[in-house]
Protein chains: 2
Amino acid sequence: MKDVAEHARVSVSTVSYVLNDSGPVAPERRNRVLDAVRVLEYSPNESARSLKRRSASTIGLVVPELTNQFFATVAEGVQKAASARDVLVVLCVPDATGQPEESHAKLLRGQRLDGVVFLSGTGTLPASILELSRFGPVVLVDEQIPGFDLPAVACDSRRGAREVARHVLDQGHRRIAVISGPSALWTAQQRLAGYREAVAGAGMDPDEVPILVGDYRQASGTALADQALSRPVAQRPTALLCANDLMAIGALEYCKSAGIRVPEDVSIVGFDDLPLSSLITPRLTTVRQPAHDMGYKAVTALFDLLENKESELLGLLPTTVQLRDSVAPPPAGSP
Amino acid sequence: MKDVAEHARVSVSTVSYVLNDSGPVAPERRNRVLDAVRVLEYSPNESARSLKRRSASTIGLVVPELTNQFFATVAEGVQKAASARDVLVVLCVPDATGQPEESHAKLLRGQRLDGVVFLSGTGTLPASILELSRFGPVVLVDEQIPGFDLPAVACDSRRGAREVARHVLDQGHRRIAVISGPSALWTAQQRLAGYREAVAGAGMDPDEVPILVGDYRQASGTALADQALSRPVAQRPTALLCANDLMAIGALEYCKSAGIRVPEDVSIVGFDDLPLSSLITPRLTTVRQPAHDMGYKAVTALFDLLENKESELLGLLPTTVQLRDSVAPPPAGSP
DNA sequence: TTGTAGGCGTTATCAG
DNA sequence: CTGATAACGCCTACAA
């Protein structure tokens, strides 16, 4: 920067004024500065800037795994929103082993990050998030922590679950099983609640619907489908409500290997609308979440927070049921 | 830091010595410092550190899109390798619109990033990469720029392509078409070369194999499959060699909609082994690339570069053919 | 073994 | 409108 100042025959402060237009500069000298910048290919040292401004123009994105396309989509939304503000996004994939408490908190403590977008997804411990939020603003995506209202951007899982369940019930299904997500997760609770509402709405007793608790991963869908469907045909559920697509796909795999036809013998629905869900056979009936939007909005909310703007982004984003091929009326002869 | 020094009744330099063990400190005073750190929850300001050390302990990861699982997997490898070194990863998804030259170069210029791992994938302009590499070390993943040997971590696409093509030929296929990737891309060239080698190896003339050039995206697979297969059955290819899985999936979609059975009427192979490729029906025969490894190795190479270690990671990583259901012998009666 | 002081590249304050 | 100058928080000779 000193070089630029010399080259332009002005003082460093003038250079600074020009670069941030933070002060009045005579047009002629401003041009001299701009020229010098170009000639010398100067660009300001961002570390020094952060040091002085006490802000890093960088946010963190905590995500359990990128290979899950839902997370990847949210991440893209986050990235877009951040780069629209000229802010960098640091990718944090918490190590499965080890104390998340520490590793997360370290992120914000060094002041390299101004805030964090937290995608808890497969059930990180609330403790580690709370710890993190002591050191700076944190916005949760797709999850909430009941009792601690951290700012969160989520969507109306409950409504989506209710609607997709209603669709299944409307087809005539009465023997239904739920493959739920980890019960500690808000989304899993919401979806379950939605399913139960629909069941109640159809005049059935929600308590009679078997709930199998999975972990949102494909393998658990397979295992639980086995568990749900391994019984005499007359008692076997004719529809499986899966709390996410990955488990639904696992269930589909199970059915394929067990010779159970979908949707002829059993209907299956998922939740998330992963891109691959419309590629598999049968195409999965599911609930679309605005994943990209959620990421984008989370960043917006984070910046509002950083500027004390008190933006309550608490309104839930809408979900939309995607009707596809994995649902059909129950086989003839089932009650 | 001054606070810590006061609390521990030592000088700031002692604190610094302790924190980096960059100087001898009496055990008793060291403990006092460590205590103070804990009590005050002190952690060093990383911006100041970077400023002084002229290195940010941060690398950039440029990736065309995260929703592509191949990229996501590489990204996870990058993340792992970086966090093993306590280095942050900044996610850069170049804006489709706008000058990549500028936006990329900006990354390294501000010295917030020590280096960049560049995942060119769907064909970013070499110019923008070259521009970037003027300002700091850049390691390419999965691509090379012929003529400019930038350090690159890639895998042996050519061999994989040759082997999978040979498998198809071994099944008896003789009317074959290739759905290739963008001809500017090294991977596309390599794969095409591999296919041609296999064809020549089977005693056929490679120049008689029709080459349809796609863009590695699903839609182009669909369109080109249409083009390749819309002809009298007697002349229609019995096998499609697709240069990546996405296009193979597109081709599969086309076949499904056109009532062409895979693999009974036409065999299809892909390249990449995306997780979803074994989920679709029929399960796709394809070539696995060590995506995670490539990401990991790229970071290793980048750090070697940063330390002038001259690590030539030019050895190509191995690929492995995944035999699955989308290939069968050609229909009876085809030459 | 410990402390003091200077500087890393910017920005902001305050005289001119 | 412009230019010295003092921080920002840390590291590191160098001196004690």
Side-chain angles (χ1 to χ4, degrees), chain A residues 1-37 40-58 86-88 106-114 135-136, chain B residues 1-37 40-58 86-88 106-114 135-136:
Chain A
M1 175 151 154
K2 220 183 330 182
D3 292 350
V4 174
E6 259 167 42
H7 189 103
R9 287 163 300 146
V10 298
S11 75
V12 288
S13 22
T14 304
V15 176
S16 176
Y17 292 146
V18 172
L19 262 38
N20 315 290
D21 37 48
S22 53
V25 175
E28 189 250 355
R29 321 190 90 207
R30 138 173 276 111
N31 280 331
R32 287 217 310 265
V33 171
L34 260 21
D35 271 355
V37 166
L40 303 179
E41 288 193 318
Y42 164 81
S43 81
N45 180 313
E46 294 294 337
S47 303
R49 283 194 151 169
S50 314
L51 178 57
K52 188 74 208 185
R53 303 186 156 155
R54 349 191 103 263
S55 106
S57 297
T58 306
D86 264 305
V87 162
L88 297 185
K106 220 168 33 177
L107 291 175
L108 279 178
R109 277 217 299 246
Q111 311 189 45
R112 276 204 280 202
L113 268 39
D114 300 331
F135 295 96
Chain B
M1 177 153 154
K2 220 182 336 182
D3 293 349
V4 174
E6 260 168 40
H7 189 102
R9 286 162 302 146
V10 297
S11 77
V12 287
S13 37
T14 304
V15 176
S16 177
Y17 293 148
V18 172
L19 262 37
N20 314 293
D21 38 48
S22 53
V25 175
E28 189 250 355
R29 318 190 93 204
R30 140 174 273 107
N31 281 330
R32 287 218 308 267
V33 171
L34 260 21
D35 272 356
V37 166
L40 302 180
E41 289 191 320
Y42 165 79
S43 82
N45 180 315
E46 296 293 338
S47 304
R49 283 193 153 175
S50 320
L51 179 56
K52 187 79 218 195
R53 304 189 156 153
R54 345 188 108 267
S55 106
S57 297
T58 306
D86 264 306
V87 161
L88 297 185
K106 220 169 33 175
L107 292 176
L108 279 178
R109 276 217 298 247
Q111 311 188 44
R112 274 204 281 201
L113 267 39
D114 300 331
F135 296 97

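Residue numbers start from 1 in every chain, and the chains themselves are labelled A, B, ... in the order their sequence lines are given, proteins ahead of strands.
- Here dG9(C) presents its P atom at 10 Å from OH of Y42(A), a figure rounded to the nearest Å.
- For the residue pair N45(B) / R109(A), no side-chain donor-acceptor distance below 3.5 Å is found, with atom types taken as modelled.
- Under 4.0 angstrom from either OP1 or OP2 of dT11(C) there lies at least one side-chain N or O belonging to S16(A).
- Between S11(A) and dT2(D) there is no side-chain polar atom (N or O) within less than 4.0 angstrom of OP1 or OP2.
- Look at R49(B) and you'll find a side-chain N or O under 4.0 angstrom from OP1 or OP2 of dC11(D).
- The distance from atom CG of L40(B) to atom CD of E6(B), rounded to the nearest 0.5 Å, is 10.0 Å.
- The phosphate of dG3(C) has OP1 or OP2 within less than 4.0 Å of a side-chain N or O from T14(B).
- Atom CG in D3(B) sits roughly 12 Å away from atom P in dC8(D) (whole-Å rounding).
- Separating the CD atom of E46(A) from the P atom of dT10(C) is a distance of 9 Å, rounded to the nearest angstrom.
- Between R29(A) and dT2(D), a side-chain N or O to OP1/OP2 separation shorter than 4.0 Å is present.
- Closest to the side chain of L51(A), from the set dT10(C), dG9(C), dT4(C), is dG9(C).
- Where R9(B) and L19(A) each meet DNA chain C at their nearest nucleotide, the meeting point lying more 5' is that of R9(B).
- OP1 or OP2 of dC11(D) lies within a sub-4.0 Å distance of a side-chain N or O belonging to N20(B).
- Defined by atom type and a distance below 3.5 Å, a donor-acceptor pair is present between the side-chain atoms of T14(A) and S11(A).
- Distance OH (Y17(A)) to C1' (dG3(D)): 8 Å, rounded to an integer number of Å.
- K2(A) places its NZ atom 15 Å from the P atom of dT11(C), with the value rounded to the nearest Å.
- Note that the CD atom of E46(B) and the CG atom of L113(A) stand 10.5 Å from one another [nearest 0.5 Å].
- Looking at which nucleotide of DNA chain C each of N45(A) and S13(B) is closest to, the 5′-most match is held by S13(B).
- Without hydrogens or angle criteria, T58(A) side chain to A56(A) main chain gives a donor-acceptor distance under 3.5 Å.
- Comparing A26(A) and S22(B) by the nucleotide of DNA chain D that holds the closest heavy atom to each, the one mapping nearer the 5' end is A26(A).
- Within the 4.0 Å cut-off from OP1 or OP2 of dC1(D), not a single side-chain nitrogen or oxygen of R30(A) is found.
- Candidate nucleotides dT2(D), dG9(C), dC11(D) were compared by shortest atom distance to the side chain of A48(A), and dG9(C) ranks first.
- For the pair D21(A) CG and dT2(D) P, the interatomic distance rounds to 14 Å; values are reported in whole Å.
- In this structure, the nucleotide among dC14(D), dC8(D), dT13(C) sitting nearest to the side chain of R54(A) is dC8(D).
- For R53(B) and dA13(D), the CZ to P distance is 13 Å, given to the nearest whole Å.
- For K52(A), the side-chain atoms get nearest to dA6(D) when compared with the rest of dA4(D), dG9(D), dA6(D).
- Protein atom CE of M1(A) is 7 Å distant from nucleotide atom C1' of dT11(C), rounded to whole Å.
- Under a 4.0 Å N-O distance rule, the pair D114(A)/R54(A) does not qualify as a salt bridge.
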